[in-house]
Amino acid sequence: MLKPSKFGRVLLPFITPFKANEEVDHETYAKLINYAIDRGLLDTVICTGTTGEFSALTFNERVELYKTAVKAVNGRCPIIAGTGCGSTKETVELTNAAVAAGIKTVMIVGPYYCKPTQQGIYEHYMRVANETDAEILIYNIPIFTGENISPETVGRLVKDSKKFIGIKDESGINPVQILDYLYATQNTNPDFLIYNGDDIMLLPTVALGARGVVSGGAMIMGDKIKKFFKLWDEGKNDECLEIFKESFQLCRCFCGGRTHPNPMLRAAIELTTGIKVGPARRPLDTPTAEEIAGLKKLLKDLKFI
């Protein structure tokens with residue numbers, strides 16, 4: 001069994017609730033955090049990640065969400081702030097703002113839209129490390145950024161700064177990259193944390209050495225995902241597979257013909273928790289009646305509603 005992480009096994013990235021006018025709903029954000037903590041659905045709270053629609057939020061909106069999260073959590077579990085931005089300059093500024101709000105650990109998505117070289121990616125992260133007091137979880141999600149953060153680049157970062165404590169890898173159909181990151185960092189920092197960032201890849205990535213999962217689906221079934229890890233540690237692979245099948249079906253339903261799972265995840269949260277979170281910010285659209293019908297059927301089949 002891998003050495004336990006202070007962040008635990010299940011890291012839950014929260015959606016950002018919106019009012020009808022698309023303003024951030026802080027009261028509901030706090031309610032969601034309390035709901036998840038009170039029911040044991042998570043080990044760590046993540047705010048303004050991809051699930052939280054960080055790219056659709058303003059700088060100040062993200063800072064205010066950090067403050068709301070710190071107040072709601074009230075020391076009950078770790079918090080990680082997503083602070084990645086389109087430019088290195090703004091990423092540094094937002095990371096410093098997160099630290100000032102009381103969040104020491106940040107998750108920084110790879111530079112997006114501009115498709116930098118690996119050297120550009122390296123320099124981006126090193127500048128954040130050198131100009132902030134945060135400890136950094138690298139976030140690789142090439143389906144949205146357009147560039148994969150190579151294991152060689154991660155190895156360089158870990159060698160050159162102790163502030164890089166781990167990585168969240170959501171590299172789509174390449175689950176074996178988890179192992180590549182392990183090989184790239186194990187000699188420099190054997191405690192480097194490698195988290196799977198894709199619910200659909202939970203089982204194969206844990207088999208390859210992932211410490212845990214950053215799971216949007218945990219808002220629905222975090223207790224079962226925690227049970228998955230307990231069973232895994234006990235060597236009960238067949239029982240792990242049954243839980244993974246549920247997670248796989250649920251999270252595949254969130255995407256369907258969509259790239260971003262947020263709109264469907266929001267609908268699932270409302271159906272299972274009774275908490276109204278509002279629609280996603282445009283340009284993400286509202287699920288169709290057909291999508292909602294399919295989601296309801298699956299949630300009933302899996303006994304979540």
Side-chain angles (χ1 to χ4, degrees), residues 8-20 24-53 65 68-69 72-73 76-77 196-203 212-231 240 242-258 260-281 284-305:
R9 310 297 281 274
V10 181
L11 287 62
L12 201 166
F14 281 81
I15 64 161
T16 301
F18 295 114
K19 299 176 183 178
V24 174
D25 186 342
H26 287 270
E27 181 179 350
T28 300
Y29 195 63
K31 187 182 294 185
L32 288 170
I33 290 172
N34 283 314
Y35 178 97
I37 292 176
D38 291 345
R39 287 161 178 77
L41 301 180
L42 56 77
D43 296 311
T44 292
V45 166
I46 296 180
C47 45
T48 77
T50 300
T51 303
E53 297 178 73
L65 282 164
T68 298
V73 169
R76 291 177 289 172
C77 70
N196 165 47
D198 187 347
D199 295 80
I200 292 175
M201 293 289 177
L202 173 61
L203 184 56
V213 62
V214 179
S215 168
M219 194 68 198
I220 313 299
M221 56 178 297
D223 51 345
K224 285 196 172 185
I225 298 174
K226 281 188 175 182
K227 184 179 179 181
F228 167 94
F229 284 107
K230 181 176 184 295
L231 292 168
C240 284
E242 292 309 306
I243 294 176
F244 173 63
K245 286 178 180 177
E246 292 187 20
S247 174
F248 182 88
Q249 291 179 76
L250 182 66
C251 295
R252 186 170 61 177
C253 179
F254 292 160
C255 292
R258 297 170 177 269
H260 204 307
N262 182 285
M264 290 291 285
L265 174 58
R266 300 174 87 88
I269 289 171
E270 290 194 344
L271 288 167
T272 56
T273 69
I275 300 173
K276 300 300 181 182
V277 298
R281 266 191 179 166
L284 292 179
D285 60 343
T286 303
T288 65
E290 184 180 12
E291 286 178 314
I292 295 297
L295 175 62
K296 284 182 178 178
K297 182 180 185 305
L298 179 61
L299 290 172
K300 287 179 180 178
D301 289 346
L302 296 177
K303 297 182 171 55
F304 291 123
I305 58 174

Shortest non-hydrogen contact from [X] to [Y]?
| X | Y | answer |
| --- | --- | --- |
| A268 | L295 | N-CD2, 3.6 Å |
| F18 | P279 | CD1-O, 3.5 Å |
| L265 | G216 | CD1-O, 3.7 Å |
| I292 | P287 | CD1-CB, 3.8 Å |
| L11 | P13 | O-CD, 3.4 Å |
| I243 | M221 | O-CE, 4.1 Å |

From [X] atom [atom1] to [Y] atom [atom2], the distance as rounded to the nearest 0.5 Å:
| X | Y | atom1 | atom2 | value |
| --- | --- | --- | --- | --- |
| L32 | I275 | CG | CD1 | 5.0 Å |
| L298 | L271 | CG | CG | 11.0 Å |
| I225 | R9 | CD1 | CZ | 12.5 Å |
| F244 | L202 | CZ | CG | 6.0 Å |
| I37 | C77 | CD1 | SG | 4.0 Å |
| E242 | K227 | CD | NZ | 11.0 Å |

Compile the donor-acceptor pairs under 3.5 Å between side chains in residues 45-52 and protein atoms, sequence neighbours left out, one pair per line.
unit_1, atom_1, unit_2, atom_2, d
T48, OG1, G82, O, 2.8
T50, OG1, Y139, OH, 2.7

So, using side-chain hydrogen bond (donor to acceptor under 3.5 Å, both in side chains) as the criterion, who are the partners of [X] when residues are at least two apart?
| X | result |
| --- | --- |
| K230 | E234 |
| T44 | none |
| D198 | none |

Are [X] and [Y] close enough that some pair of their side-chain heavy atoms sits under 4.5 Å apart?
| X | Y | answer |
| --- | --- | --- |
| V10 | L41 | no |
| I15 | E53 | no |
| I33 | F14 | yes |

Anything under 3.5 Å between a donor and an acceptor, one on a side chain of residues 246-257, the other on a protein residue two or more places apart or in another chain? List them.
unit_1, atom_1, unit_2, atom_2, d
E246, OE1, K224, NZ, 2.7
E246, OE2, K224, NZ, 3.2
Q249, NE2, K245, O, 3.3

For [X], which residues count as a salt bridge (charged side-chain N to carboxylate O under 4.0 Å, His left out) partner, sequence neighbours excluded?
| X | value |
| --- | --- |
| R258 | D285, E291 |
| D301 | K297 |
| D43 | K226 |
| K296 | none |

For this session: Apply side-chain contact (heavy atoms from CB on, under 4.5 Å) to A30 and list each qualifying residue two or more places apart in sequence or on a separate chain.
Result: T68, A72
Exercise. Taking the side chain from R266 and the backbone from V277, do they hold a donor-acceptor pair closer than 3.5 Å?
Worked result: yes
Exercise. Please walk me through it: do I220 and L302 pass side-chain contact (heavy atoms from CB on, under 4.5 Å)?
Worked result: CA-CA 11 Å; I220 313 299; L302 296 177; over 6 Å; no
Problem set entry | Residues that H260 engages under ring pair (Phe, Tyr, Trp, His ring centres under 6.0 Å), provided they are two or more places apart | F144
Problem set entry | Summary of salt bridge (charged side-chain N to carboxylate O under 4.0 Å, His left out) pairs that have at least one residue in residues 30-41, sequence neighbours excluded | D38-R76
